[in-house]
Every structure is written in structure tokens, then in C-alpha cells.
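Input: a single structure, listed below in C-alpha cells.
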Amino acid sequence: MITFTVNGNKHEFSGDPSTPVLWYLRDELNLTGPKFGCGMAQCGACTVHIDGMAQRSCVLPVSAVQGRKITTIEGLSENGDHPVQKAWVEHKVPQCGFCQCGQIMQAASLLSTNPTPSDEEIVQNMSGNICRCGTYPRIHKAIKSASKSISSNAGVSYFDPTQAGEEA
């Protein structure tokens with residue numbers, strides 16, 4: 001039995017341990033934020049946080065998340081008001097929207113470890129996330145905006161499901 005936490009709730013998995021985390025999230029938990037894009041961890045549509053760090057869930061086997069905490073876009077904030085989510089709306093980032101959950105999760109991970117990234121650090125960190133609509137300039141502006149928001153609200157605590165109580 002493999003046990004782990006998803007968005008603050010404890011889960012047990014007894015299936016094939018090589019099953020990709022993405023399939024469990026989508027097929028078993030009906031979470032539609034992480035998307036299947038390429039199946040090779042190269043587009044970023046499936047990005048989730050594992051213990052707070054961005055990871056591609058399409059190639060990550062369930063066996064690799066034993067005892068770990070997974071956060072999807074659905075668990076990033078209780079009310080959809082994480083600074084990155086708010087900046088995405090403010091800068092009208094989405095066009096088709098397919099990649100946006102992965103983009104947001106990648107950006108949130110970056111800002112959690114580096115709240116004031118340089119332009120070069122943003123480009124480097126986001127380079128593994130593909131937007132087929134080409135909204136990269138808006139993504140970049142939104143990250144800069146979220147960075148300013150996070151910096152000006154230092155000490156403000158946002159919902160973090162990795163720290164939330166676990167339900168059995």
C-alpha cells in the first residue's frame with residue numbers, strides 16, 4: 001500500500017506502483033487541473049508540487065510519492081487567491097488555457113523558493129513549460145507582478161496544503 005497526501009487529504013494506493021501520478025490524480029481523484037500534454041515531462045501541462053517543488057506528474061510513478069505531499073492547482077489556495085493566480089487574472093494570461101495550470105504551478109514553485117527572481121531566472125525556470133498560444137510575455141509579466149505582491153506582503157501566510165492537517 002502506497003500512502004501519500006493530495007491537497008491536504010491522505011490517500012492510499014494499492015494498484016500498479018508504476019502508474020503515473022497524473023493518471024491517479026485525474027482518473028481516481030477526478031482532478032482536472034493537471035493535464036496530459038506529452039507524456040514525456042517536456043511540456044509542463046501536468047505540473048504539480050511534490051513537497052512544495054514543481055514536478056511533472058506524467059512520468060512520476062506513484063511509488064515515488066510514498067509519504068509525500070502532492071499539491072495540484074485545485075489545492076494551491078482555498079479560494080483561488082494565491083498571488084500567482086491573482087496575477088494571472090490581472091494580466092489576462094490564458095488564451096486557450098490548456099497549459100495554464102502547469103504554468104501557474106511552475107511559477108508558484110519558483111516564487112516559493114525565490115520570491116524576487118530576475119528576468120533571466122524567470123525565463124530559465126519557466127522554459128520547460130510550453131504555451132502553444134505563445135502567451136509568454138503575459139506569463140512573464142504575471143510572475144513579476146506576483147513577485148511584487150509576495151514581496152510587499154512578506155509574512156502573509158497563504159493556504160499551503162502541504163502544511164494542512166491530513167484527513168484519514
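Note: hydrogens, waters and symmetry copies are ignored here, and every other heavy atom, side chains too, is used. Source: prediction; values computed, not measured.
Note that OG of S145 is 3.5 Å distant from NE2 of H91, once rounded to the nearest 0.5 Å. Rounding to the nearest 0.5 Å gives a distance of 7.0 Å between CD of Q95 and OG1 of T135. I73 contributes atom CD1, which lies 11.0 Å from atom CD of Q103 (distance to the nearest 0.5 angstrom). Here CG of D16 is found 4.0 Å from OG1 of T19. Values are rounded to the nearest 0.5 Å. In this structure, N7 CG and E78 CD are separated by 11.0 Å, a value rounded to the nearest 0.5 Å. The CE atom of M53 sits 8.5 Å away from atom CD of Q106, with the distance rounded to the nearest 0.5 Å.
For S147 (side chain) and I143 (main-chain N/O), no donor-acceptor pair under 3.5 Å exists by modelled atom type. A donor-acceptor pair under 3.5 Å is absent between the side-chain atoms of R68 and the main chain of D51, judged by distance alone. Although no hydrogens or angles enter the test, the distance criterion places no donor-acceptor pair under 3.5 Å between the side chain of N125 and the main chain of A107. Checked by atom type and distance alone, the side chain of N79 never pairs as donor or acceptor with a backbone atom of D81 at under 3.5 Å. Judged purely by atom type and a 3.5 angstrom limit, S152 uses its side chain to pair as donor or acceptor with the backbone of K148. Within the 3.5 Å criterion, the main-chain N or O of A54 finds a donor-acceptor partner in the side chain of S109. Remark: the backbone N or O of K92 is paired with a side-chain donor or acceptor of R138 at under 3.5 angstrom.
Here the side chains of L29 and T72 are not in contact, with every heavy-atom distance at 4.5 Å or above. Inter-residue side-chain proximity for S77 and Q85 is flagged as met; some heavy-atom pair is nearer than 4.5 Å. Using a 4.5 Å heavy-atom threshold, the side chains of I139 and W88 count as touching. In this structure, P117 and L111 have side chains that are in contact, with non-hydrogen atoms separated by less than 4.5 Å. Taking 4.5 Å as the limit, every side-chain heavy atom of V48 sits out of range of all side-chain heavy atoms of T71. Contact annotation: the side chain of E74 approaches that of P34 to within less than 4.5 Å [non-hydrogen atoms, C-beta and beyond]. No side-chain heavy atom of I70 sits under 4.5 Å from any side-chain heavy atom of H49. Side-chain contact between C131 and Q100 is present, with at least one heavy-atom pair separated by less than 4.5 Å.
The neighbour count for E121 CD, taken as heavy atoms of other residues, nucleotides or ligands under 6.0 Å away, is above 12. The local environment of NZ in K144 is crowded, with over 12 non-hydrogen atoms from other residues, nucleotides or ligands closer than 6.0 Å.
Annotation for A142 and A87: closest pair O-CB, 3.2 Å, computed over non-hydrogen atoms. S112 and G52 make their closest contact through OG-O, 4.1 Å (heavy atoms, listed as atom of the first residue, atom of the second, distance).
Both L76 and V93 are part of a single hydrophobic cluster, where members link through side-chain heavy atoms under 4.5 Å apart. Tracing side-chain contacts under 4.5 Å through hydrophobic residues (I, L, V, M, F, W, Y), one never reaches I50 starting from L22; they form parts of separate clusters.
Screening residues 97-152 for ring-ring contact (aromatic ring centres under 6.0 Å, His included), with sequence neighbours left out, gives no hits.
Under the ring-ring contact (aromatic ring centres under 6.0 Å, His included) criterion, Y24 pairs with F4, F13, not counting sequence neighbours.
Inspection of the R56 and T47 side chains reveals an N or O donor paired with an N or O acceptor under 3.5 Å.
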